[in-house]
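For clarity, every value in this text was computed on a predicted model and none was experimentally measured. Per chain, numbering begins at 1; letters A, B, ... match sequence-line order.
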Amino acid sequence: MSLLATGLFNLLNYWVYVSLMMIGLYAVIAKTNLVKKVIGLSLFQTGIFIFYISMGVVSGATTPITWTDAERLRLGLSRVEVAPERAAAALAAVEEDGLDAARAALGPLAPADAARLDELLARPYTNPLPHVLILTAIVVSVSTMAVALAIVMEIKAAYGTIESDEIVTAELETARAARS
Amino acid sequence: MTGAELLTAVLLGAGAFVALTSALGVLRMPDFFSRIHPAGENESLGQTLIIAGLIVAAGPGGTALKLLLVWGFLMMTAPAATHALTRAAWQDGRRPWSRDDDGPAPPTPPRAGGAST
Amino acid sequence: MTLTPQVPALVVLVPLLAGVVIGLVRHAGLAWLLASLASVTTFALTLALAARVQAEGVVIYAMGGWAAPTGIELRVDALNALVLALVAGMAAVIVPTSRASVAREVPADRHDQFYALVLLCVAGMLGVTATGDAFNLYVLIEISSLTAYALVALGRSRDRRALTASFQYLIMGSIGASFLLVGLGYLFLATGTLNMADMAVRLADLHGSTTVRTGVAFVIVGLSLKMALFPVHQWMADAYTYAPTSVTALMASTATKVGVYITIRFVYTIFGHELSFVIMPTDAFLLAFACLAIVVGSLQAIRQHDVRRLLAYSSVAQIGYLVLGLALGSALGLSGTLVHLLNHALVKGALFLAVGAVVYRQGGATMHELTGIARRMPLTAAAIAVGGLGLIGVPLTGGFVSKWYLVAGALEAGLWPVAVVVLVGSLLAVAYVLRLLQVVYFGEPGTVAPEPAGEAPASFWAPALLLLLGSVALGVSGQLTGGLIAAAAGALAGGAP
Amino acid sequence: MTHVSPELTLVIPLVGAVIIALLGRWPNAREAVTLACAAALLLAVGSLFPAVLEHGARPAWRGPEVLPGLGLVLEVEPLGLIYAGVAALLWLPNSLYSIGYMRGHHETNQTRFFACFALSIASAMGIAFSGNLFTLFVFYEALSLATFPLVTHHGTEKAQRAGRLYVGFLFGTSMVLMLLAIVWTWTLTGTVDFRAGGILGDVSPGLTAVLFGLFMLGSGKAAVMPFHFWLPSAMVAPTPVSALLHAVAVVKAGVFVVLKVSVYVFGVDTVASGVHHEWLLYLAAATILIASIVAMTKDDLKARLAYSTVGQLSYIVLGAALGNSLGVAGGGLHIAMHAFGKITLFFCAGAIYVAAHKTKVSELTGLGRRMPFTMLAFAVGALSIIGLPPLGGAWSKWYLGLATLEAGHAGLLVVLLISSLLNVAYLLPIPLKAFFLSPPAGDGAHGGADEGIHEAPLPCLIALGLTALGSVALFFWPDLLLRLVTEVAPLGS
Amino acid sequence: MTDRWIVELLLAVVVVTAVGVVRARNLLVASVLLGIYSLVMALIWTAMEAYDVALTEAAVGAGISTLLLIGALIRTGSRIGGSKERDAPRIDKVALAVAVLTGAALAYGTLDMPAIGDPTAPVHVHPKVARHYIDRSMEETHVPNMVTVVLASYRGYDTMFETCVVFTAALGVMVLLRRRRPPAEPAPGEMREQAIFVVMTRMTVPFVLAYGSYVITHGELGPGGGFQGGVILAAGYLIYALVYGLAAAQRALPPRLTDVGAGLGVLIYAGVGVACLLLGGDFLAYDALNQADPAKGQQLGMTLVELGVGLTVACVMVTIFNEVAQP
């Protein structure tokens, strides 16, 4: 099926996040221990983060920090064998009239080096927006965990147990006692 | 493969090997104190080898300096952490198991509850 | 430099800043004073904003100076101006008059943090209603929910079950918010933008993609969780029962309403009529659960012994009405929902304040404590009576007008069984309101209740009767509901993205 | 003679109710206010009669707009006038009677009784003069609410259960069935106003039949079986309330709604032409027969009268369902005739209870000697219900009979005759035994059982005397009602 | 973007760790595994070029979450090793069904998604959103780190409320856990006397605090910012508190100060916004701060805002630790 041939493999990231969310959701619903429920909730939420970040990934991209042309050229030259004086000329050229002039100033290069240099000079950026969203989401998730654990501590103080089914039986008894 | 790349490969390989052995050690060792030894060892030796490999890979410049700082910080805190763990275990009443005690390794002192699953 | 152009930002900013400042102040009395001041100012600001919306149609405010899809914008049209005014209005009525109730139910050293949490919750809800950005909506929902979890947990000084209720509320709320986040992620991936208006435009030609459909499904499920629609309503019943009564009054009249508003905004403005009703079976899904909510909620309410729990289950049923109108997909249905949104907020807020008065005097609100209070607490009993009639939807109350439009909408859509469910629902409401009134006026047969010392202080029944006046006004005057109908029609037309 | 505008008839009882509620601590002043309001209302409604009859005017009042495009509208029309006239006319004697009864019986919270009584009258006026279905429904619900405290007046467990049944049935049928019908009409035709000849012109016959069913079954107050259970159980209330329930306001509202809806929403000819309207005829006939039979078996006097009412109401429902002007005329007349007859019977029952503390029919033998005037009035009331000539009841049954013939349902005529016989069977024996048989021989200890009995308190006697005379008067001067009825459905056609 | 097989491997490790966390009966083991889970997740973020998120995940996810969980275990379990789930893990049919159903729905949604890393995906090509941030952020704000620009300026309104979420978390924890009793002096023979810990603390705490403030202020240039820096500052306080005891730590940094600090951070953030308002711009429009050169104004605004966030996060984490550590 065409889907398997090409599509399925590079969708792997999305299928990992689906399995993480399933594990987290299972833990929240199935586990009776309240702390385990909170852990399940945090797994469930971090699953979503993988989805958002892998959405922002661009193949062959660098981290979303703007590079100035000079920095790009310097990194490129460090990865390539070129005569030092030609490199210095290129670095000087990049200040005034930009990257393509500097590239021309470098003159002919070995085909492998040229390809690698061009690839380095033209590297795109990863999409910064999902990163911002996830920064917020992580902090929200930890804040929710903090309040949740505070509540669990208070439940332990009030009920003496953090197993949800024991709590339910305790409540039933108090209700029965109240009604009698 | 220039000289530097070879050296990096060797150092990183050694570091990885130390990490692998310490992981095996933690699994195979009978009681707490014999298990804490390989874990501690990885923290110091393994990390040093890996950081040395990275420094060689990074070559002279700012990154190497930062790696050195990281190495310094690690050497300061990691052994202290292992020390703290061992001291807490000792205060908790665990005693190292030795060959002439009869019977297998003490699973756990009764008071300490299940050590591992 | 007049502040009128900055009003949308101030509406959210004032309660936020007040909340934070109150968090710092250590003095309970000052905290209450600041909170009341802030809530009243916010209400005035929402009225000014509503006036501007009346004049300009849609008020857009770009945050940080960046234009819409790049930055975050606040977009206020007739629909959310109304909900903003409702939320701020309810806060302005409940917070200033909550001093006596809070003093009785919340430990003394927690008062300043209590009012800080209340104001932050109101700020969250106002932010949710005003924002035009989808992810910003998620963050603000989290704030209003986080504060709500802590506020419900504060009820533990009276009943330890408040803690389990708060924990259950936290788990369900977080799962709901996460579903919403995943849904928004899918829509963001398909359209590339987070701004609601821009997303609406881009979604128009993406109806085929499975990503968009799953995104819509998850957003709807997440919002249903937030609204406590039928299958996932248990957390609300416990939370409203064990939270401090002034918290319940505030949340019962605002939290679910904001949930319904967001659903309207998503279904009508962002997804559009065709995507949500033709391609996706949203209407069938929501209608089915709405009808179940009405019947099961009302049946549960009839069985309850604790009046707060009775009112909580009644809220579950009333949310069924709101969602039913919204799912009909017609101007009539939507008008019904809007009128009911306003009416239920007023009536339920008043009822919970009245119950707060009983808790203040009798220390609890089970049927036993409410027996025959009419003699010594006539005004509180009157508030409960008029509120009960408002719930049933007796003619000349707001409830009747909304019931009229819901039934008309259902019939116009050819779904006469839905219309029958709405009417049977109000019949069941007669059952539990009648039971409540018989206990309040004639006394529970066979029990002699402790006599309340006397009428609760005015800070209880005065706001309750004021809110009920609003509900009756809604039921009597045509222009008031006329305005709502126009807002509904506007939302239906997609709120002019 | 200038006529008064319809909303005044609403304002008088409302204001009265407020004043009565305030005058809780001064019973005499409170009673005076009740009587004054009753008199004022009678004058106001009276002033409307010549306006409607001579000038054919339809005074109207458009109230505030409750829903965009839909407001409270009051409009006087002949049928409404009959009902309002009966209600206003009987409020006076009923108040008089209530004062005597409540005082004689030392009832508690009388203020609430009289205030709710005035509110019920106000709602009755609202129903009578409603200009559209919406206003009708508003006051219909208001009537249910106003009479609920009256039914649960004693506050005992039995009263509360009767109250629950009362609300369950009345709100159940009105909220679920009638409101559904009203909103459906609104969505289908866009209007809910009453218009002569009906407003369901362009609606498909099938849908009309459904709406007809919803409206007829929706008015639970008409106590058509199987929705009649609330009526007998409401007997637990004090007798003036039963009088109000049966004769003056509540049940009359039910059948009035049936009549008004069939005339002004469906139109007399659509009712006749519709093939799906037969079921109501048979249901009404069945109710008449069954109710009369059950009444015979009831030994408790008030229960017997209750079932008699259930039967009599179905006469009017039958009239409405026949679908010809004679039927409507018969129904309209029977509202008034039955009102006067039944209220007299209830007054007598109450007087007997107050004076002789007897509630069972079997205990009434020979009571005529002790309470001649009450028993005489009872006889007059009974004759009017049976429909014999010297009493008004005859006219309505006469027209109903003609209507069944004209509508071609000869079988229904037979049903009417049988039911009249049944009426005789369960009503006439009571006065006959009371007058012509001697009371049961005193069994030693306390001598003749009826020694201590004497006539009921004077206000009760005046009231039941007035209503008895009213029944008789209606026979000799029915032209006032006849002209009203012909205004609605010209008899000639 | 490191090559694909490394990312796939890490993802596999993460899923296995997640299953391990859920199945571990001993809650302490589960908490530590969750810490490892967060660290591997941080590795994944680094592999995907999301360095800011990686730093936050490591600091907040691994650091604070594990701390909170272990603190909760101390307060709820009998002994640190002893707190254990009561019943052996068995499969709960209903929960499994719900989870699988949700998973299936999510997977169904992924069918039409563009492949990972595909540069023509709508997310990357939107002219006014992604493209604007990538192409125009340097020119409009002279701040190289795009994530910080979007975080603090373009979507500054979001981050303000995020700071409020952190402040609310502190409020919530205080409302629930705060006791009036001062913390007890630690028993003698504790860590304080041990030379090793004293020396280690004296050596590392200053560096940690320095590094924390570096991370806050250098949010513009490289990965980092208010959240990550704030947490690192709090970590410095934690080391001190663990070694010298809570009482000594609270003498150094009184709780009253951290409560006010938490609120102050949010007020700084909102204050900057209001300042822009008063200077004629919209709320949080930093270019109003410096009429001459709007880009300078943006930089100034962002730095102040990051300071506010750093202050709040540091104070809130300290407060939460104080509340949790207090028996």
Pairs of heavy atoms under 4.5 Å with chain E: top-ranked of [options]:
{"options": "Ile134(A), Thr46(A), Val38(A)", "result": "Thr46(A)"}
{"options": "Val28(A), Ile29(A), Thr63(A)", "result": "Thr63(A)"}
{"options": "Leu25(A), Leu43(A), Val147(A)", "result": "Leu43(A)"}

Please report the closest heavy-atom contact between [X] and [Y], naming both atoms and the distance.
{"X": "Glu162(E)", "Y": "Leu135(A)", "result": "OE2-O, 3.9 Å"}
{"X": "Thr66(A)", "Y": "Met138(E)", "result": "CG2-CB, 3.7 Å"}
{"X": "Asn127(A)", "Y": "Ala130(E)", "result": "ND2-CB, 3.7 Å"}
{"X": "Gly103(E)", "Y": "Val18(A)", "result": "O-CG1, 3.5 Å"}

Is [X] close to chain E through its backbone or its side chain, or both, or neither, when contacts mean heavy atoms under 4.5 Å?
{"X": "Met21(A)", "answer": "side chain"}
{"X": "Ile53(A)", "answer": "both"}
{"X": "Ser141(A)", "answer": "neither"}
{"X": "Ser19(A)", "answer": "side chain"}
{"X": "Phe49(A)", "answer": "both"}
{"X": "Leu133(A)", "answer": "side chain"}
{"X": "Leu20(A)", "answer": "side chain"}
{"X": "Pro64(A)", "answer": "both"}

Go through Val15(E) and Ile23(A) one step at a time and tell me if the side-chain contact (heavy atoms from CB on, under 4.5 Å) criterion holds. CA-CA 9 Å; Val15(E) 173; Ile23(A) 295 168; 4.2 Å; yes
Heavy-atom pairs under 4.5 Å with chain A - which of [options] has more of them than the others?
{"options": "Val94(E), Leu96(E), Val19(E)", "answer": "Leu96(E)"}
{"options": "Val143(E), Ile64(E), Val53(E)", "answer": "Val53(E)"}
{"options": "Val60(E), Thr148(E), Leu177(E)", "answer": "Leu177(E)"}
{"options": "Ile134(E), Thr102(E), Leu171(E)", "answer": "Ile134(E)"}
{"options": "Leu69(E), Ile44(E), Asp118(E)", "answer": "Leu69(E)"}

Between [atom1] of [X] and [atom2] of [Y], what distance do you get to the nearest 0.5 Å?
{"X": "Asp135(E)", "Y": "Tyr125(A)", "atom1": "CG", "atom2": "OH", "value": "9.5 Å"}
{"X": "Ser143(A)", "Y": "Ile320(E)", "atom1": "OG", "atom2": "CD1", "value": "7.0 Å"}
{"X": "His124(E)", "Y": "Leu129(A)", "atom1": "NE2", "atom2": "CG", "value": "11.0 Å"}
{"X": "Tyr37(E)", "Y": "Ile39(A)", "atom1": "OH", "atom2": "CD1", "value": "12.0 Å"}

With a 4.5 angstrom heavy-atom cut-off, which part of [X] approaches chain A: side chain, backbone, both or neither?
{"X": "Leu176(E)", "value": "both"}
{"X": "Leu151(E)", "value": "both"}
{"X": "Ala18(E)", "value": "both"}
{"X": "Ser38(E)", "value": "neither"}
{"X": "Leu34(E)", "value": "side chain"}
{"X": "Phe161(E)", "value": "neither"}
{"X": "Gln228(E)", "value": "side chain"}
{"X": "Leu221(E)", "value": "backbone"}

Do Lys31(A) and Asp92(E) come close enough that some side-chain heavy atom pair is under 4.5 Å? no
Close side-chain approach of Met153(A) and Val324(E), heavy atoms under 4.5 Å: yes
Can a side-chain donor-acceptor contact be found between Thr126(A) and Glu49(E) if the only test is distance below 3.5 angstrom? no
Thr110(E) side chain to Tyr17(A) side chain, donor-acceptor N/O pair below 3.5 angstrom: no
Test log, rule side-chain contact (heavy atoms from CB on, under 4.5 Å), inputs Val142(A) and Ser65(E): CA-CA 7 Å; Val142(A) 168; Ser65(E) 305; 4.0 Å; yes
Among Val100(E), Val98(E), Leu106(E), find the one that has a side chain to side chain contact (heavy atoms under 4.5 Å, CB included) with Met22(A). Val100(E)
Just by modelled atom types, is the Val22(E) backbone N or O under 3.5 Å from a matching donor or acceptor in the Lys36(A) side chain? yes
Working note: Leu11(E) + Ile50(A), criterion side-chain contact (heavy atoms from CB on, under 4.5 Å); need CA distance, chi angles, decisive distance, verdict. CA-CA 9 Å; Leu11(E) 288 174; Ile50(A) 293 187; 4.1 Å; yes
Worked check of side-chain contact (heavy atoms from CB on, under 4.5 Å) between Val132(A) and Met146(E): CA-CA 9 Å; Val132(A) 174; Met146(E) 297 181 210; over 6 Å; no
